[in-house]
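Inspection log for the structure reproduced underneath, given as structure tokens.
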Amino acid sequence: MNLEQILKQSTAAIFKAEFGADVSLDSVTINITKKEHEGEYTIVVFPLTKISKLSPEQTAELLGNKLQEQSGIVAKFNVIKGFLNLSLTDAYWLGRLSEIANNKAYGTFAANHKKVVLEYCGPNTNKPLHIGHVRNMLLGFSMSEILTAAGYDVTKVNIYNDRGIAICKSMVAYLRYGNNSTPQSTGIKGDHFVGDWYVRWNAEAKKELETISGLKGDFDEDQKQTTLFIEAQDMLLKWEAHDAETVALWKKMNGWVYEGFQQTFKLIGADFQKDYFESETYLLGKDIVDEGLQKNVFKKRDDGAVIVDLTPDGLDEKVLLRSDGTSVYITQDLATAQLRHEDFNMEKMIYVVANEQDYHFKVLKLALQKLGKQWADGIYHLSYALVESPTGRFKSREGKTADADDLISEVLRIAEEKTKELGKIEGFTEEEANALYKTIGLGALKYFVLRVNPYKKIIFNPEESIDFHGHTGPFVQYTHARIKAIMRKVGETPKGFETLSGLGDVERELIIHLTEYENTVRAAAEKYDPSEIANYVYSLAKFYNKFYHECPILNAATSEEKTFRVALSNQTGILIKKAMKLLGIDVPEKMESL
RNA sequence: GACCCGGUAGCUCAGCUGGAUAGAGCAACAGUUUUCUAAACUGUCGGUCACUGGUUCGAAUCCAGUCCGGGUCACCA
């Protein structure tokens, strides 16, 4: 049982004994004591005065005395207005540290045998990954780590939007202007190669438009008049008719794209246990629409389109099948959801998708629920906001800065530059140095993205690049490397500090923070929010650095104190590593020669 | 027009199941290295928590309205 529970129950028991009244545990609020006051935990007694019929001060005084007498862990207390500040005994805190140090699995919860399918990334195959995918991948990967730590059985899946008019445009441009070039022959990464043809198609279409008169000035509309568009549309029809040559070209070009994506996934640390392809699911969904019609939850409109009426739920009527009987976007999503349910029989199905699709996922979930699919209750849309430049939304035409690969190589370059500036790693082999640049560079990028709450947009200024000091990934990594340096000097972790007395404030603060880790993992899992972990690990590192500066570790006054401080350092290092792993961030053993 | 999400220090963000004098980082300024890694630490400066009203012992936090920014409301994906 955690401390908060103990304090709440003790409080309730005391109120029962003193006033014969039942106090609900929820009405007892316990906070961490503000640092300007003495104590570690604070019970807010205002809500309890209704029962005690005493002033806040008297109530707090009484509760404090009883807790001190009965709990065995309260060393002293003070009362300020309605706040009862408790100081727990050193023995209690040392016991907690010892408990954590002896539990290798601390912070990972027992398997709950609940399956989670987590979809993330979801790229289109006609263009390379951009900064939005980066946020997506980091969130998705981190969430899977967090949920796994929370006891879930997580399967990561990707969905490739590998068909449609867009990829056909790339194909048309390639056929027209490609001269059988390949990523190999040009030295261009596969996804960029195909993306370049997509860009070329657009450029050529615009050129062609200049020769056409009577346009509306709206590219989406006007493009339909170009021969390029007609060719692309024709390509799409041929693809849908399984035309051998078209399918072969499509496979070849998508193959290049997957090779390119794979490199980026590997670099950034994204992986998937199963891939879904829209080309294999886009025709599915009619069955589920039929099911809805039979169950009378979907309706056929006079024009033949099938709709679901969500006006009772505050949404609109939504078309699920076109009047000509063909699928729309949501049709296949309904089917894919059903398919995944059959594939995995999961408890939860998480979609990491940008907040532009909030409405879409509301509809998806509601439609499935109306069909009586209980598993639809487990659908969760992990919605995240866009990454924007200071001038607004990143447009692909703004080029370089929005591209995922460029962003990554830029941050790796900066990591190398900054590391070299510090001049601490002369003794590293080239291999070690490169590994460190990668660890730090990716750490900076990942932390930068993950520390922000998913539903808040991220403002990223490419001009200013990503920081390596302060509230950043490298700061946390540095702290870890620092601890490891100490541990290397100590060798074996010595034991036997539990009887130490006279904990310093900074030491106590650090232990308290270690004990908060488990709650943080739980909260991050419940809220689907990696930023909980990011902010936690930052303050952990901050507390540690403060401790490091104030307290000699290897040169501590007594051997018992040294043992304690080493153990405290070691445990902090372990939790930094664990927490960073939940973010998908590696921590280096060394950031300096020696 | 309707709905959804944001608005906290010059900048980037915490805090939001109501609790004490609203916290970090960056930037700026001043310090700390004969002692375990200065990618660190300490201090100074910096706030009408968008605005107005309400709820109550107490509101950045909850409610209503207003303003600003973004998004969505396709037989597009």
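Every chain is numbered from 1 and lettered A, B, ... according to where its sequence line falls, protein lines coming before strand lines.
Within residues 472-481 of chain A, the residues that place at least one heavy atom under 4.0 Å from RNA chain B are, in residue-number order, Phe475(A), Tyr478(A), Ala481(A). Less than 4.0 Å separates RNA chain B from no heavy atom of any residue of residues 280-287 of chain A.
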**salt bridge (charged side-chain N to carboxylate O under 4.0 Å, His left out) between Glu518(A) and Arg522(A), worked out** = CA-CA 6 Å; Glu518(A) 211 159 63; Arg522(A) 187 185 295 112; 5.0 Å; no
**Item:** Audit row: Phe448(A), Phe460(A), ring pair (Phe, Tyr, Trp, His ring centres under 6.0 Å) steps and yes/no
**Value:** CA-CA 9 Å; Phe448(A) 177 81; Phe460(A) 170 61; 5.7 Å; yes
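Remark: the separation of the C1' atoms in rU32(B) and rA38(B) is 9 Å, to the nearest Å. To the nearest whole angstrom, the two C1' atoms, one in rA20(B) and one in rG25(B), are 25 Å apart. Annotation: rG6(B) and rU61(B) have their C1' atoms spaced 15 Å apart (nearest Å). Taking atom P on both rA74(B) and rC16(B), the two are 36 Å apart, rounded to the nearest angstrom. As rounded to the nearest Å, rA30(B) and rU34(B) have C1' atoms that lie 24 Å from one another. The C1' atoms of rA40(B) and rU33(B) are separated by 11 Å, rounded to the nearest whole Å. rC13(B) and rA50(B) are spaced 15 Å apart, taking the P atom of each and rounding to whole Å. Between rA9(B) and rC49(B), the distance separating the two P atoms is 10 Å to the nearest Å.
Lys35(A) comes within 4.0 angstrom of the backbone, heavy atoms only, and of no base. At a threshold of 4.0 angstrom between heavy atoms, the contacts of Asp333(A) with the nucleic acid are absent. As judged by a 4.0 angstrom heavy-atom cut-off over every strand, Glu592(A) is placed among the base-contacting residues. Within 4.0 Å (heavy atoms only), Lys590(A) reaches at least one base atom of the nucleic acid. Residue contacts for Thr49(A): at a heavy-atom cut-off of 4.0 Å it reaches no nucleic acid atom on any strand shown. Among the atoms of the strands shown, base atoms are found under 4.0 Å from some heavy atom of Tyr329(A). Within 4.0 Å (heavy atoms only), Asn545(A) reaches sugar-phosphate atoms of the nucleic acid but no base atom.
Between Lys546(A) and Leu510(A) the shortest side-chain heavy-atom distance does not fall below 4.5 Å.
In this structure, Arg451(A) is not positioned above the aromatic face of Tyr538(A) in the sense of NZ or CZ being under 6.0 Å from the six-membered ring centre and within 45° of the axis.
One can place CD1 of Ile330(A) at 13 Å from C1' of rU72(B), the figure rounded to the nearest angstrom. Between Leu540(A) atom CG and rA24(B) atom P the separation is 17 Å, expressed in whole Å. Between Leu386(A) atom CG and rG6(B) atom P there is a gap of 15 Å when expressed in whole angstrom units. Rounded to an integer number of Å, the gap from NE2 of His469(A) to C1' of rA28(B) is 16 Å. For Leu315(A) and rG71(B), the CG to P distance is 20 Å, given to the nearest whole Å. Separating the CZ atom of Arg163(A) from the P atom of rA77(B) is a distance of 8 Å, rounded to the nearest angstrom. Between the CD1 atom of Ile30(A) and the C1' atom of rG19(B) there is a distance of 14 Å, rounded to whole Å. Atom CG in Leu510(A) sits roughly 13 Å away from atom P in rC41(B) (whole-Å rounding).
Stacking here means ring centres nearer than 5.5 Å and ring planes tilted less than 30 degrees, and by that measure Phe83(A) does not stack onto rG19(B).
Comparing Cys551(A) and Asp316(A) by the nucleotide of RNA chain B whose heavy atom lies nearest to each, the residue mapping closer to the 5' end is Cys551(A). RNA chain B is contacted by both His549(A) and Asn85(A); Asn85(A) maps to the nucleotide lying nearer its 5′ end (nearest heavy atom per residue).
Side-chain atoms of Tyr536(A) and His513(A) include no donor-acceptor pair closer than 3.5 Å. Using modelled atom types and a 3.5 Å distance limit, the side chains of Asp358(A) and Tyr455(A) yield no donor-acceptor pair. The closest side-chain donor-acceptor pair between Thr125(A) and Asn254(A) falls under 3.5 angstrom. Side-chain atoms of Asp26(A) and Ser24(A) form no donor-acceptor pair, as typed in the model, at a separation below 3.5 Å. Side-chain atoms of Ser279(A) and Asp162(A) include a donor-acceptor pair closer than 3.5 Å.
With rA24(B), rG19(B), rA38(B) as the candidates, the nucleotide lying closest to the side chain of Arg482(A) is rA38(B). In the set rG19(B), rU37(B), rA20(B), rG19(B) carries the atom at the smallest distance from any side-chain atom of Phe46(A). Listed nucleotides: rG70(B), rC57(B), rC36(B). Nearest to the side chain of Tyr548(A): rC36(B). Among the nucleotides rU42(B), rG25(B), rG19(B), the one closest to the side chain of Val44(A) is rG19(B).
Once rounded to the nearest 0.5 Å, the distance linking CD of Glu532(A) with NZ of Lys527(A) reads 3.5 Å. To the nearest 0.5 Å, atom CD of residue Gln332(A) and atom CG of residue Leu339(A) are 11.5 Å apart.
In this structure, the ring of Phe475(A) has its center no less than 6.0 angstrom from the ring center of Tyr478(A). Taking the ring centroids of Phe361(A) and Tyr380(A), they lie at or beyond the 6.0 Å cut-off. Not less than 6.0 angstrom separates the ring centroid of Trp250(A) from the ring centroid of Phe277(A). Aromatic ring centroids of His360(A) and Tyr329(A) lie under 6.0 Å apart.
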**Prompt:** Starting at the 5' end of RNA chain B, what dot-bracket string do you get if Watson-Crick and G-U pairs under 3.5 Å are bracketed, crossing pairs use [ ], other-strand pairs use | and unpaired bases use dots?
**Reply:** ((((((((.[[[[.)...(...]]]].(((((.......))))).....[[[[[..)....]]]]])))))))....
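Taking only side-chain nitrogens and oxygens, Arg488(A) never comes nearer than 4.0 Å to OP1 or OP2 of rU37(B). When the side-chain nitrogen and oxygen atoms of Lys34(A) are compared with OP1 and OP2 of rA22(B), none of them lie within a distance under 4.0 Å.
Annotation: side-chain hydrogen bond (donor to acceptor under 3.5 Å, both in side chains) contacts of Tyr517(A) (sequence neighbours excluded): none. By the side-chain hydrogen bond (donor to acceptor under 3.5 Å, both in side chains) test, Thr520(A) is found to be paired with no residue, residues two or more places apart in sequence or in another chain being considered.
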**Request:** Starting at the 5' end of nucleotides 8-17 of chain B, put B wherever the base has a protein heavy atom under 4.0 Å, S where only the sugar-phosphate does, and a dash everywhere else.
**Result:** ----BSS-B-
